[in-house]
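The block underneath contains the structure these notes are about, expressed in structure tokens.
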Amino acid sequence: MFPWLFGVGLVVLNLVTSDRSQKTEPLSGSGAQPLFRGADRHDFAIMIPPGGTECFWQFAQETGYFYFSYEVQRTLGMSHDRHVAATAYTPQGFLIENIQNVRGQINFFTQETGFYQLCLKNQQNHFGSVQVYLNFGVFYEGPEMDDKQNERKQLNDTLDAIEVSTRKVQNNIFHMWRYYNFARMRKMADFFLLQSNYNYVNWWSTAQSLVIVLSGILQLYFLKRLFNVPMTTDTKKPRC
């Protein structure tokens with residue numbers, strides 16, 4: 001009896017918790033506490049197969065600054081075309097911008113709250129994969145102006161100056177971090193290009209060395225046959 005009641009209680013508890021955890025978007029509380037606005041930042045590398053498409057969704061609030069940058073680091077396969085197509089869409093599905101290049105940036109201010117879609121298409125390469133480095137996210141300058149004014153009424157001039165200076169330092173650090181990611185993307189692309197050229201030179205030098213050695217052996221063999229004089233005997237004499 002007791003185990004059966006315990007099992008029914010667990011089922012009811014799971015239904016309640018699953019119903020509460022369906023919504024994954026950030027929620028604003030019913031009280032005076034403002035909506036939480038974090039600075040989501042992502043940077044990683046992915047492999048896109050020949051003719052493939054990779055899409056990502058990033059949640060963003062209104063009045064945010066959305067940034068997206070990419071660079072093709074290397075290609076694998078028969079084709080060596082490094083151009084990929086990058087597109088950004090609004091939460092309603094409208095196109096924001098489309099870029100088709102080896103590297104590019106898409107930056108804009110978010111006008112609505114929702115999930116923004118980013119897609120990369122390897123449509124130029126039908127026989128080769130590409131490795132693409134991505135750097136995207138959302139940055140918020142700070143709380144809304146109404147909240148700023150309400151807070152400034154309660155703070156003195158010293159704390160207000162400290163807050164402004166801290167926000168400026170935070171913005172400068174953020175832009176420095178973005179420039180650092182740009183430099184890291186270019187560094188990795190140059191590294192893969194240098195490694196590819198190094199392997200190409202090594203393989204080509206090895207092939208040329210084998211050809212030179214093989215041609216020398218063949219020349220020596222044919223020259224030796226030219227000066228090869230057959231032995232003469234009483235029964236076997238050279239003909240006139």
Side-chain angles (χ1 to χ4, degrees), residues 41-58 67-89 95 97-107 117-137 175-240:
R41 306 171 186 176
H42 308 278
D43 56 306
F44 52 89
I46 60 171
M47 291 294 299
I48 304 179
T53 302
E54 293 288 342
C55 293
F56 305 92
W57 285 263
Q58 173 64 45
Y67 63 92
F68 169 62
S69 59
Y70 73 94
E71 178 162 357
V72 179
Q73 294 181 330
R74 62 173 175 173
T75 59
L76 299 175
M78 299 177 60
S79 180
H80 296 284
D81 191 356
R82 299 175 58 196
H83 289 76
V84 296
T87 54
Y89 298 91
L95 178 64
E97 191 173 351
N98 183 17
I99 299 177
Q100 187 171 352
N101 205 339
V102 177
R103 65 183 64 89
Q105 298 184 33
I106 299 178
N107 304 320
Q117 183 180 4
L118 305 172
C119 291
L120 292 171
K121 298 180 181 179
N122 185 19
Q123 57 187 5
Q124 299 294 333
N125 288 329
H126 296 284
F127 300 99
S129 303
V130 293
Q131 178 176 330
V132 186
Y133 185 87
L134 304 177
N135 178 26
F136 64 92
H175 290 297
M176 289 174 60
W177 178 79
R178 289 193 61 198
Y179 294 144
Y180 168 73
N181 279 326
F182 294 155
R184 188 169 63 173
M185 283 192 292
R186 297 299 300 271
K187 178 182 177 181
M188 291 303 298
D190 295 339
F191 171 76
F192 286 122
L193 180 61
L194 181 63
Q195 189 178 24
S196 177
N197 292 336
Y198 176 77
N199 294 331
Y200 173 78
V201 170
N202 284 341
W203 282 107
W204 187 246
S205 300
T206 304
Q208 286 184 338
S209 300
L210 292 176
V211 170
I212 292 173
V213 172
L214 182 60
S215 62
I217 294 175
L218 291 176
Q219 288 178 2
L220 181 62
Y221 173 75
F222 286 112
L223 287 175
K224 187 177 180 181
R225 287 195 61 182
L226 289 176
F227 295 97
N228 187 13
V229 179
M231 299 295 296
T232 58
T233 60
D234 295 336
T235 59
K236 186 178 180 182
K237 296 181 180 181
R239 296 179 180 181
C240 295

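All values below come from the heavy atoms of this structure, side chains included, with hydrogens, waters and symmetry mates left out. These numbers were taken from a predicted model, which means no experiment stands behind them.
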task = Check step by step if side chain to side chain contact (heavy atoms under 4.5 Å, CB included) holds for Arg103 and Tyr133.
result = CA-CA 9 Å; Arg103 65 183 64 89; Tyr133 185 87; over 6 Å; no
ask   = Can you list the steps and then say if Tyr70 with Ile106 is a side chain to side chain contact (heavy atoms under 4.5 Å, CB included)?
value = CA-CA 9 Å; Tyr70 73 94; Ile106 299 178; over 6 Å; no
inquiry  = Please evaluate residues Phe68 and Ile99 with respect to the criterion side chain to side chain contact (heavy atoms under 4.5 Å, CB included), reporting the C-alpha separation (whole Å), side-chain torsions for both, the decisive distance (0.1 Å), and the verdict.
reply    = CA-CA 11 Å; Phe68 169 62; Ile99 299 177; over 6 Å; no
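Only one option out of Arg82, Glu71, Gln73 pairs with Gln131 in a side chain to side chain donor-acceptor pair (under 3.5 Å); it is Gln73.
Among all heavy-atom pairs drawn from Ile46 and Leu134, the shortest one is CD1-CD1, 4.0 Å.
Contacts of His42 classified as ring pair (Phe, Tyr, Trp, His ring centres under 6.0 Å), with partners at least two apart in sequence or in another chain: Phe136.
Residue Phe222 qualifies as open at atom CZ: its count of foreign heavy atoms under 6.0 Å is 12 or below.
At least one donor-acceptor pair under 3.5 Å links the side chain of Ser215 to the backbone N or O of Ile212.
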Validation: residues 118-127 side-chain donor-acceptor distances under 3.5 Å, sequence neighbours left out:
residue : atom : partner : partner atom : Å
Asn122  : OD1  : Asn125  : ND2          : 3.4
Asn122  : ND2  : Pro49   : O            : 3.1
Asn122  : ND2  : Gly128  : O            : 3.2
Asn125  : OD1  : Ser79   : OG           : 2.7
Asn125  : OD1  : Asp81   : N            : 3.4
Asn125  : ND2  : Asp81   : O            : 2.5
His126  : NE2  : Gln123  : O            : 3.4

